[in-house]
Amino acid sequence: MLSNAVPSKAMPSKSTPTFGVAASLFGSLFSMALLGGCSSLPSLEDRSHTSALPLAEATETQLGQAASERTAQHPGVSGLYLLDDPRIAFAARALLAQAAERTLDVQYYIWEDDLTGTLLIQALFDAARRNVRVRLLLDDLGNSLSDNLLAALSEHPNIEVRLFNPFKHRNFKYLGFVTDFSRTNRRMHNKSFTVDNQATIVGGRNIGDEYFGATDGALFSDLDVLAIGPVVQEVSEDFDHYWASGSAYPVDRLLPAASSGTLDDLSSRTAHIKQQPAARKYIEALEENRTVTLLLSGELDLVWAPTKLLSDDPAKGLGEAPRKNHLIDQISGIIRDSERSLDIVSGYFVPTRRGTQLLTDLADRGVKVNVLTNSLAATDVAMVHAGYAKWRKPLLKAGVSLFEMQSSVKNAPPSASPAPFSSSSSSLHAKTFALDGETLFIGSFNFDPRSATFNTELGFLIEDPSVAQALNRTFEEKIPARAYQVKLDDEGDLYWLSRVDSQTRRYDTEPDTSWWKRQSVKFFALLPIDWLL
């Protein structure tokens with residue numbers, strides 16, 4: 001698992017590469033026949049070279065002055081503010097974009113062309129119109145913004161847009177999995193939003209309504225962290241490495257010129273969206289949220305802690321990164337050093353044989369290991385659940401505690417406050433772990449083979465007992481009311497327990513699922529596809 005099972009989805013959460021490829025295989029083959037040959041990617045020779053805003057200039061901005069005053073009082077450590085509320089997480093990004101004076105460096109796996117995605121792309125455009133330099137690096141699979149809009153943005157003098165591992169056939173993207181699988185199967189799953197090289201947001205959230213709670217469909221419970229201090233420079237340097245990598249292609253070399261009036265259309269669409277009832281709570285969040293205001297005034301209540309950026313070498317996107325530079329090896333070593341406790345939260349948990357061995361070895365040493373992932377009813381990718389389900393029994397036999405998020409919190413006590421990783425009709429999407437009540441990791445890394453082997457990932461390793469122990473308390477106090485605990489009976493069969501108002505209910509099959517769904521998971525579990533999950 002940790003050496004070969006900790007990654008992220010290669011495609012958008014609801015259509016990861018594995019499943020997108022399978023779903024569109026026949027269409028791709030047909031498209032290939034129609035297209036008759038395979039075009040090539042443009043040369044990267046003479047690509048423009050830009051870098052993060054120098055610190056001497058960054059500290060002259062309003063944000064830089066505020067951050068400098070705070071960091072001077074806490075030398076060598078970074079200031080952190082957890083963003084577990086989806087609307088606050090949205091507002092923090094939008095308000096930081098409004099506060100930007102010099103630069104915005106933005107890197108995402110998924111950027112949806114929906115309500116929140118439109119509001120945030122407009123925020124970047126508005127910043128560029130104020131003479132802020134915007135660099136936008138998007139994974140080409142996860143991004144759903146139109147090529148025409150991307151081309152229009154890149155034509156603005158203050159905006160550069162690059163696509164990571166772009167597809168050669170713009171109208172038939174999935175054809176790339178047939179003609180160029182070794183490259184297009186490798187995706188950039190990183191997520192960062194950095195302003196004036198002075199403040200950054202890193203974590204598990206992509207950009208889209210389901211990640212910010214703006215949809216009636218599946219909502220992804222998630223976790224980000226806003227940071228100032230030394231770790232921001234680490235993020236900026238890492239962004240520069242990705243920006244200059246062999247996988248980052250300027251869109252003006254990939255796409256035709258944009259249609260006239262495209263950016264005017266964006267502004268008109270944004271104005272229309274703001275009038276819709278569904279947008280009201282997000283407009284109110286922008287008007288009422290004081291996170292950035294307090295940050296600028298020096299009054300935001302920050303946790304100050306040694307914080308380190310962990311990130312994959314961007315050469316992993318071309319399969320050229322040495323294994324020692326893979327994030328999975330760093331994370332495996334950290335987890336292997338656990339002495340007392342290990343708490344893992346991962347919406348996509350596929351431990352594989354090696355990861356299972358690592359966790360069982362820890363449990364055998366007396367380390368208390370807790371894992372929270374999605375139940376079959378809650379997951380948005382049933383095939384990934386199959387990759388996890390086959391390892392439940394050996395984990396439980398070793399003493400690992402397994403919890404599976406319910407598809408909703410309808411069974412939770414009415415008086416209960418929301419858990420950090422749950423929302424009504426939610427699917428868990430957070431990626432975090434804590435060890436020994438002292439260290440916490442928050443980032444984009446899923447505990448599955450795709451994050452370990454194919455996708456690039458990043459996250460913060462935070463050395464602070466207060467935040468690490470908060471995750472442990474969540475397992476002890478809140479998760480039992482919002483998740484099923486998986487157990488083994490005397491015959492070695494699985495059963496699930498849910499606890500509500502001190503009452504316990506037992507399920508002998510996966511709760512809230514159909515017979516057909518359970519059988520499909522059993523079938524997928526027999527297939528040798530874990531390496532793709």
Side-chain angles (χ1 to χ4, degrees), residues 50-55 57-59 61-68 70-71 74 77-84 88-109 111 120 123-124 127 132-138 188-207 211 222-243 291-292 294-296 300 302-312 314 431-432 440-445 456-462 464 467:
T50 54
S51 57
L53 184 67
L55 281 179
E57 299 178 40
T59 54
T61 65
Q62 184 182 6
L63 186 57
Q65 292 172 5
S68 297
R70 301 290 300 274
T71 55
H74 303 275
V77 296
S78 296
L80 310 170
Y81 186 82
L82 295 185
L83 300 170
D84 55 359
I88 292 177
F90 163 81
R93 288 167 170 84
L95 293 171
L96 277 176
Q98 291 179 15
E101 295 177 43
R102 298 294 303 278
T103 61
L104 271 167
D105 290 335
V106 181
Q107 178 182 25
Y108 279 96
Y109 171 56
W111 196 299
L120 286 174
L124 300 189
V132 174
R133 186 200 68 186
V134 177
R135 293 190 294 174
L136 178 60
L137 178 59
L138 298 174
M188 183 192 72
H189 198 245
N190 310 40
K191 303 153 180 53
S192 67
F193 194 103
T194 306
V195 182
D196 291 338
N197 195 14
Q198 289 296 294
T200 190
I201 296 175
V202 164
R205 281 189 181 88
N206 293 298
I207 304 298
Y211 304 98
D222 224 322
L223 185 63
D224 295 316
V225 58
L226 167 64
I228 63 172
V231 78
V232 179
Q233 283 72 61
E234 295 181 34
V235 175
S236 292
E237 291 173 4
D238 192 66
F239 182 93
D240 284 349
H241 292 153
Y242 274 84
W243 188 254
T291 301
V292 175
L294 293 173
L295 179 64
L296 291 170
L300 187 64
L302 300 172
V303 172
W304 292 92
T307 304
K308 179 182 179 181
L309 176 70
L310 302 182
S311 177
D312 272 311
K431 310 122 178 35
T432 184
L440 181 73
F441 174 86
I442 297 175
S444 68
F445 187 82
T456 66
E457 310 284 351
L458 64 72
F460 284 162
L461 190 68
I462 304 165
D464 184 82
V467 292

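Just so it is clear, the values below take in all heavy atoms, side chains as well, and ignore hydrogens, waters and symmetry mates.
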Could you tell me whether the side chain of [Y] reaches within less than 4.5 Å of the side chain of [X], counting heavy atoms only?
X	Y	value
Leu309	Phe460	yes
Leu300	Leu226	yes
Thr59	Gln65	no
Leu80	Leu302	no
Leu55	Gln198	yes
Val132	Arg102	no
Phe193	Tyr108	yes
Val195	Leu63	yes

How long is the span from the [atom1] atom in [X] to the [atom2] atom in [Y], to the nearest 0.5 Å?
X	Y	atom1	atom2	value
Leu95	Leu295	CG	CG	11.0 Å
Lys191	Gln107	NZ	CD	9.5 Å
Lys431	Leu223	NZ	CG	10.5 Å

What closest approach, in Å, do [X] and [Y] show between heavy atoms, and which atom pair accounts for it?
X	Y	answer
Pro306	Val77	N-CG1, 3.7 Å
Ser68	Thr71	O-OG1, 3.2 Å
Val202	Gly459	CG1-CA, 4.2 Å
Leu83	Ala92	CD1-CB, 4.1 Å

Worksheet item: Do the charged groups of Lys308 and Glu234 touch, with an N to O distance under 4.0 Å?
Response: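 No.
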Worksheet item: Hey, is Asp224 close enough to Arg205 for a salt bridge, meaning N to O under 4.0 Å?
Response: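 Looking at Asp224 and Arg205, the cut-off is met.
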Test your reading of the model: is there a side-chain donor-acceptor pair from [X] to the backbone of [Y], 3.5 Å cut-off?
X	Y	answer
Thr456	Asp312	no
Thr432	Phe441	yes
Thr61	Gly64	yes
Gln233	Asn197	yes
Asp240	Ser51	no
Arg70	Ala66	no
His241	Pro314	no
Ser444	Leu458	yes

Discussion item. The test is side-chain contact (heavy atoms from CB on, under 4.5 Å); show your working for Val467 and Val225 and say whether it passes.
Written reply: CA-CA 11 Å; Val467 292; Val225 58; over 6 Å; no
Item to complete: Quickly, which of Leu124, Asp105, Leu104 forms a side chain to side chain contact (heavy atoms under 4.5 Å, CB included) with Leu136? Name it, please.
Response: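 It is Leu124, the one option of Leu124, Asp105, Leu104 that forms the side chain to side chain contact (heavy atoms under 4.5 Å, CB included) with Leu136.
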Worksheet entry | side chain to side chain contact (heavy atoms under 4.5 Å, CB included) partner of Leu96, chosen from Thr194, Asp196, Ile201 |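 When side chain to side chain contact (heavy atoms under 4.5 Å, CB included) is applied between Leu96 and each of Thr194, Asp196, Ile201, only Ile201 qualifies.
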Worksheet entry | side-chain contact (heavy atoms from CB on, under 4.5 Å) between Leu53 and Arg133, intermediate numbers included | CA-CA 10 Å; Leu53 184 67; Arg133 186 200 68 186; 5.5 Å; no
Item to complete: Taking atom types as modelled, find out whether Tyr242 and Asn190 have a side-chain donor-acceptor pair closer than 3.5 angstrom.
Response: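 Yes, a side-chain donor-acceptor pair sits under 3.5 Å.
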Fill in: Thr103 versus Arg135, side-chain donor and acceptor atoms under 3.5 Å
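No - no donor-acceptor pair under 3.5 Å links their side chains.
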Discussion item. Between Ser78 and Trp304, is the side chain to side chain donor-acceptor pair (under 3.5 Å) condition met? List the steps.
Written reply: CA-CA 5 Å; Ser78 296; Trp304 292 92; over 6 Å; no
Worksheet item: After noting the C-alpha distance and the side-chain angles of Val106 and Trp111, does the key distance pass the side-chain contact (heavy atoms from CB on, under 4.5 Å) rule?
Response: CA-CA 11 Å; Val106 181; Trp111 196 299; 3.7 Å; yes
Worksheet entry | CA sep, side-chain torsions, deciding dist, call: Ile228, Tyr81, side-chain contact (heavy atoms from CB on, under 4.5 Å) | CA-CA 9 Å; Ile228 63 172; Tyr81 186 82; over 6 Å; no
